[in-house]
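Count residues from 1 along the sequence. Whatever order the structure lists ligands and atoms in, that order sets their numbers, starting from 1.
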Amino acid sequence: MSAVSPAAQADDGRSDTDRSTTGQADTTQVPPSQATERAASFDPARRAGSSFVVVANRLPVDRVENPDGSIRWRRSPGGLVTALEPVMRANKGAWIGWAGAPGTAPEPFDEAGMHLVSVPLSAEEVEDYYEGFSNATLWPLYHDVIAPPVYRRDWWDAYVRVNHRFADAAARVAARGAVVWVHDYQLQLVPEMLRALRPDLRIGFFLHIPFPPVELFARLPWRQQVLRGLLGADLVGFQRPGAASNFLRLTRRLLGYQTQRDQIFLPDGRVVRARSFPISIDVGELEEIARRPETERRAWEIREEIGAPSKILLGIDRLDYTKGIAERIHAFAELLNEGLLTPDEATFIQVATPSRERVEQYQLLRDEVELAVGRVNGTHGRIGRPAVTYLHHSHERTELAALYRAADVMVVTPLRDGMNLVAKEYIACRYDHTGVLILSEFAGAADEFRQALLVNPYDVDGLKQTMLQALRMEPREATRKMRAMRRHLVEHDVDRWASSFLTALSGEPGR
Ligand code: GDG
């Protein structure tokens, strides 16, 4: 079974240009003769199609096996799908993405009012396109090279090939003149590839992670191809204004294009816009969970189970080296070692959800964090009252809400982060205006929440002082800050994010 029609697979198999690409030529461009031939096979007049198409690495559903062995699909929790659902329903929306397991992909199916088209990835492509180029090249490069990016030409080839497959799938599904919204760093070549196949479409792209400054981006051997890939969109959205400026500057410096404010003028007369659209969460949905009596009961239980400390500090992150998990554990351990804090006064709960476990840097990070946690607990823990409660598994959303309710201080200290939704989720759960948020300056969320205790996570002394300040803050001051942050968040939820992007996309000049 395949997500794309047999013809699409044949296309992909025969496409030598996809396979033979290396770093030198601008390999993302389809030669004109082939482009015409392929474009003809995607003629939108031949089919009805969807007038709104989302293209993302993953489908918004998880595969669940029933006790009898049959398979069903469950909508994955997440702001993106929640925000886009009304638009999807109103426009016969389609979502194109990988179903999460290597090998053959399920046939297109309908779920939760969406038409889901699964793109197949072989086990080797998962290694090269996803774990390799996306997560061991682009991810560290775009996050300040916190870990050294690996540049491999075979990974790049897989990235090009898989991006073509996604573009082909989108070209087949989209109705004439449809709006197509492409997401994130795994699919940066799709806008240009899709435009070559379907010039009638309105194409938007949103990058969920940071976009690096010229000095870092320029290291990428395929920098021109990636920039041209993104410039296939009519609108390129970023989390922060600084990221949009980096992109505008790069198009001038590396491609020699003219720009004015948020506009980029292409040689073919098209105008592309680059702007920030800070993503958000479904505030109402999470607050509703937080307000449930059973959530409050669970929050109380959590506190009891870890030895009823006076205060709880909390971190919730994917176990990722960008999140600053080791840095915050080290800072907390120093406070205990120096006697500035006792574990009866404050203990730490760190949820570190397993992530990208086959990528080497993530294995090294896990060792580092677990060593640090073991040390601090060995020295300062007691039976039934650890200094740090470390949880390396994923949790139900209701349990996360209870943790947010239990936490007196939320510690969000990424070394670099596009936005950081955890910070917003904490604010959403503090409906009674209690709790203190420590927030890294290097998270996109810091642009919006100036009332948080902002920190430089590289500054261990600063981080320690900020933890003490948070633990000792007067309730009145905490309430004043939380009230202001909640006011902003409630007015800027994920619906507003999606509608402002889509409104900007439909109103753009540049066709
Ligand atoms: C990327 C960008 C940007 C975590 N553990 C569990 C769980 N989570 C949920 C959190 C939160 C989400 O995962 C993590 O979102 P973040 O924004 O913190 O980070 P990334 O995963 O790196 O996301 C980031 C984001 O895209 C959106 O544009 O903000 O900057 O890096 O929602 O609650 N959810 C459940 N169980 C867990 O154990 N159910």
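The distance criterion of under 3.5 Å between nitrogen or oxygen atoms is met by Asn420 with respect to ligand 1. Where the criterion is an N or O separation shorter than 3.5 Å, residue side chain and backbone included, Met419 meets it with respect to ligand 1. In terms of N/O distances under 3.5 Å, ligand 1 is not approached by Leu400. Looking at ligand 1, you won't find any N or O of His143 less than 3.5 Å from one of its N or O atoms. Taking any N or O of Asp317, backbone or side chain, none lies under 3.5 Å from an N or O belonging to ligand 1. Close N/O approach between His393 and ligand 1 is not found [any backbone or side-chain N/O within under 3.5 Å]. Here's the thing with Leu421: one of its N/O atoms is less than 3.5 angstrom from an N/O atom of ligand 1.
The distance from atom CG of Leu505 to atom CG of Leu235, rounded to the nearest 0.5 Å, is 5.5 Å.
Close approach of ligand 1 to Gly418 (heavy-atom distance below 4.0 Å) involves ligand atoms 30 (O). Ligand-side atoms of ligand 1 in range of Gln239: 3 (C), 28 (O), range being under 4.0 angstrom from any heavy atom. Listed by number with element, the atoms of ligand 1 under 4.0 Å from a non-hydrogen atom of Glu425 are 10 (C), 11 (C), 32 (O), 33 (O). For ligand 1 and Ile279, the ligand atoms under 4.0 Å from any heavy atom of the residue are 27 (C), 28 (O). Close approach to Ser394 involves these atoms of ligand 1, each under 4.0 Å from a residue heavy atom: 38 (O). Listed by number with element, the atoms of ligand 1 under 4.0 angstrom from any heavy atom of Arg318 are 20 (P), 21 (O), 22 (O).
The shell of residues lying under 4.0 angstrom from ligand 1, judged by heavy atoms, includes Trp139. Lys323 counts as a contact of ligand 1, since one of its heavy atoms falls under 4.0 Å from the ligand.
Between Phe247 and Phe238, the ring centre distance stays below 6.0 Å. Taking the six-membered ring for Trp and the full ring otherwise, Trp95 and Phe52 have centroids separated by 6.0 Å or more. Within the 6.0 Å centre-distance limit, the rings of Phe206 and Trp497 are counted as a close aromatic pair.
Using the six-membered ring where Trp is involved, Tyr185 and Trp139 have ring planes that are tilted, between 30° and 60° apart. Ring orientation note: the planes of Trp222 and Phe133 are nearly perpendicular, at an angle over 60° on the 30°/60° scale.
Of the charged side-chain nitrogens involved, at least one lies within less than 4.0 Å of a carboxylate oxygen, so that Asp432 and Arg405 count as a salt-bridged pair. At a threshold of 4.0 Å, the pair Arg397-Glu285 counts as salt-bridged, since one of the basic side-chain nitrogens sits closer than that to a carboxylate oxygen. Under a 4.0 Å N-O distance rule, the pair Arg496/Glu491 does not qualify as a salt bridge. By the 4.0 Å N-to-carboxylate-O rule, Glu131 lies close enough to Arg358 to be salt-bridged with it.
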